[in-house]
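Below is one structure, written out as structure tokens, with a few remarks after it.
Every chain is numbered from 1, with letters handed out A, B, ... down the list of sequences.
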Amino acid sequence: MNIQPQLIQLCIKHDRKAEYDLYKQIYSYLMSICVRYSRDTDTANESLNLGYLKILTNLQSYKPEVPFKAWIRRVMVNTLIDEYRKNKRQKEHVTYVEEYYDNSDYSEVNEALSKISCEQIHKLINELPNATKEVFNLYVIDGYTHKEIGGLLGISEGTSKWHLSEARQKLKLKIEQQTLSTI
Amino acid sequence: MSFEEQFDKILNNKLNESDFPFDENNWEKAKNLIEANRVVPTNKSKNLLFFGLAFIGILSLGVFAYFQLNNTASNVVVVTNNTYNDKNSNLQSFNDEGKVTSNTLVENSNTKIINLNNNNLKAEIVNDKKSALNLKQETSNAIIENKNTSSETNNSNVTETNSYSETTNSKNKSESTNSNTNKNTTNSLPTNTSSNNSQNKLIAINSNNAINGNRMGNYNFKNKSFQKNNTKISSKINPIISKKENNSDEVRKDDKNLEITSTNEELLIYQPLNSKGFGINQTQLNNECKPTNANVLAIYDNDYYKNTKSKFNFLNIEVGTTYLLGWNSANNNSKDAVGLNYYAGLNYGIYINPKTSISAGIQGFNISNIKQSFYTATKTLYDFGSTGSFTNIITNSMYYVAIPIKINYALSPISKIGLGVNTAFLVGGRNTIESYNLFDGVKTNATSTTNKGYYEGVNTKNITLSALYTRKLTKRFALNGEFMYGLSDVYINTKNNVTKQNTVGFKLGLIITLLDK
């Protein structure tokens, strides 16, 4: 992804062609983020459009010294978290865990994981419970810390760790099952 | 790197490898979303423009209506349900507040005198043939003869509103001649309403409009259609003919006829010009003097409160004067503190129901004209003679801040009565301290100083009860009359002061309504 500053300037001026070009260039990247957070493709598309609108709206506040990719990722993730908050009907039943130690053996799982496709991983992630999926995405993929995740999702740091552990365990289990089924 | 971190890394890498082909349809959705969001500011600006224009429009209408209503209210004279006979007839008209103003038509043969009190309007119908306005009734067999003469005022600085007209009901022809000899004379000629038929209902049209210079307006019309059914009537007023008289008059003839129609059997309102009436030509007069069928009486009927939207609160400023009856002085039997004082305040009230309201506010007033000392100190030294040292303190004025609480009951839309209690706190005073020596009956070293503040011995609280009557003058202004009776003693009773000095008097004030809705 190589976004030209001129394109950004044109988008600031509401040039429709430039907006289209930008959308086209960042679509795949944004979609990869949205798919992880959304239950299905349609929802992911809606979220993407909302995120893109937010990007366009805040494009004036974008500072060139920050990588554009990182900036749009942050905006997109924030949009997705906002959506998650809006759609959060009821509080997830979570168990507060101060310390979580996972002694599972990942050696076999990692080997199996390297063999499965990206789409399959997306599918597996989407099967996770919402809160767990959010924490997993934020921590593993988007690089947020548990403290940041706690702040974003309104949960404690320990709960975030618990969700992460839960996500790993479930994914591990599913990967193992999938590997066994393919054999 | 732990297995967990490795797991995460593999997942991360796998997910980042993912490629999603561009979806053109999704762009269409995104485009619509962008457009929808960008329309908002435009809509906002349009809405702002719309509301701004609407606000200006409403404001303009409000101002227009305000002046229109003021003009209408101050000038409309309505006579309803009068049975008019040639010999014994009474006219009823309403002044600007809807009060019947005892307009009696006295008839002596062919001479009638009508006095209509409407602001500056005095209309008299006398047997004078100097000026007249012709009125022909197309639909009537009766022809009224009106001969109106405007009066003159020689003093150019004085505007006098006089109207003279004569109505003769029994004649079958009419002549009108208007004359005016002074440019500064304001002539306001009322409409004389008459009817041959005793069953006809009368419309009194009172033109409160003076025509400056040589112009004068006089309208008579007779509503002949007040029959059992609502037959449309048509009355035509012949042009006003002003004959040049003396040196300053000129002949004017307006060939416009004013046609007045009405289908309302009960009421026909004649809406004349503004109350000042200066600088209005006959065309304007003709155009503006149009009757309306609005049922003005509905404003004053029993359903007034049902028909109007109930109000919630009001805020007003009250300024006025208080006349205190005074009290018996401590030293002798004369009255003290008699005279005028002033007050001003702010009241806020809420309506308990459409007729009853309760208000509280803050008010400042004074009690002045106090001449008697409330404190006297004497010291007598006896040497070769007696030397007396005297000190008198007179609190000439006292200043209070009060909290008036009133409950009002509306007798009508324009008048209300109420009761109130006024709790006042003394905040200051103006005192005169007199001191002198008396040596063998000779007064020496007399000094008199003044200071501010108040002394011990003056009651710092003053509670008064009041009964009030308020009469609305206009939408914004009302006149308030109040009788007040003080419960508190102005001076604390001592051995030397055992009389009660309570504030009894009357208040007369102007209430300026700031908010009433």
How close do A/Met31 and B/Phe20 get, counting heavy atoms only, and between which atoms?
CG-CG, 3.6 Å
Given that the side chain runs from C-beta out, which part of [X] has a heavy atom under 4.5 Å from chain B: side chain, backbone, both or neither?
X	result
A/Phe136	side chain
A/Ile141	both
A/Arg16	both

Any heavy-atom pair between the side chains of [Y] and [X] that's under 4.5 Å?
X	Y	value
B/Lys31	A/Glu19	no
A/His14	B/Ile34	no
A/Tyr52	B/Leu33	no

Show me the side-chain donor-acceptor pairs of residues 121-129 of chain A shorter than 3.5 Å, one per line, residues at least two apart or across chains.
| from | atom 1 | to | atom 2 | distance (Å) |
| --- | --- | --- | --- | --- |
| A/Asn126 | OD1 | A/Lys133 | NZ | 3.4 |
| A/Asn126 | ND2 | A/His122 | O | 3.4 |
| A/Glu127 | OE1 | A/Lys174 | NZ | 3.2 |

Please state whether the rings of A/Tyr23 and B/Trp27 are parallel, tilted or perpendicular, taking 30° and 60° as the class boundaries.
tilted
Using 0.5 Å steps for rounding, measure from the CD atom of A/Glu46 to the CG atom of B/Asn26.
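One gets 9.0 Å once the value is rounded to the nearest 0.5 Å.
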Distance from B/Lys29 atom NZ to A/Asp42 atom CG, nearest 0.5 Å?
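Separation between the atoms: 6.0 Å.
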What residue in A/Thr57, A/Ile33, A/Asp142, A/Val35 has the most heavy-atom pairs under 4.5 Å with chain B?
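Ranked by heavy-atom pairs under 4.5 Å with chain B, first place is A/Val35.
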